[in-house]
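Every number for a ligand or one of its atoms is a count from 1 in the order of the listing.
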Amino acid sequence: MFKISPLPYNYQDLAPYISAQTMELHYSKHHQAYVDNLNKLVLGTDMETMSLEELLLKINNQPEKTAIFNNAGQHYNHEIFWLSLSPVASKKEMPSALKIMIERDFESVDNLLARFKEEAAAQFGSGWVWLVLKNDKLMVTKTANGRPAFLDGAKPLLALDVWEHSYYLDYQNKRLDFVEAVFKNLFNWDFAAKQAGL
Ligand code: MN3
């Protein structure tokens, strides 16, 4: 059985940048539905007892397993997404070791935000934008639908959900306003630094 992890904060803790209503729907309905669907699809198979990463690696590029892959990928991505955010009240400075790496690979934190917006704008339809570490270099990448970035050899440091259910109630069609608000106010840079091994 796959299980959704408890949220590390309350629904209202990301407001006003993400409303409590969006959080409740996103976590308790959207994310939960992926987990419920995944559990139904793997019931009674050897996939039931695999870890999520193991399962995704095994069924990657198997067209007959697309439904399982989509739900497993979305479960995996949301688990990282919730950890990529932190409550407004506990906002902290970016760890200096991470800032040095960002300046090495993007020249500035402003350029990193610009890269997030570029990738978010370029993702036609639903998907994810990521800050990843690949071959010891920070990169911003995007994946379509429920595909996790780790399947392309990248260590995820931050995940940003750019499916419409992630922002539509709060930002309507303005995806890039959502991206900028999350980047400036909610990203958990401590989590990113930890993922990077800093
Ligand atoms: Mn989502």
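Rounded to 10°, the angle that NE2 of H165 and OD2 of D161 form at the Mn ion (ligand 1) is 120°.
Among the atoms of H30, no N, O or S atom is found under 2.8 Å from the Mn ion (ligand 1). Among the atoms of H78, an N, O or S atom falls under 2.8 Å from the Mn ion (ligand 1).
Under the 4.5 angstrom side-chain criterion for Ile, Leu, Val, Met, Phe, Trp and Tyr, the cluster partners of L25 are L169.
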Can you list, pair by pair, the side-chain donor-acceptor contacts under 3.5 Å of residues 3-13, counting residues two or more places apart and other chains?
unit_1 : atom_1 : unit_2 : atom_2 : d
S5     : OG     : E79    : OE1    : 2.5
Y9     : OH     : W82    : O      : 2.7
D13    : OD2    : N10    : N      : 2.9

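Nearest N, O or S atom of H26 to the Mn ion (ligand 1): atom NE2.
The closest side-chain heavy-atom distance from V182 to I18 is below 4.5 Å.
Under 3.5 Å, the side chains of W163 and Q123 contain no donor-acceptor pair of N or O atoms.
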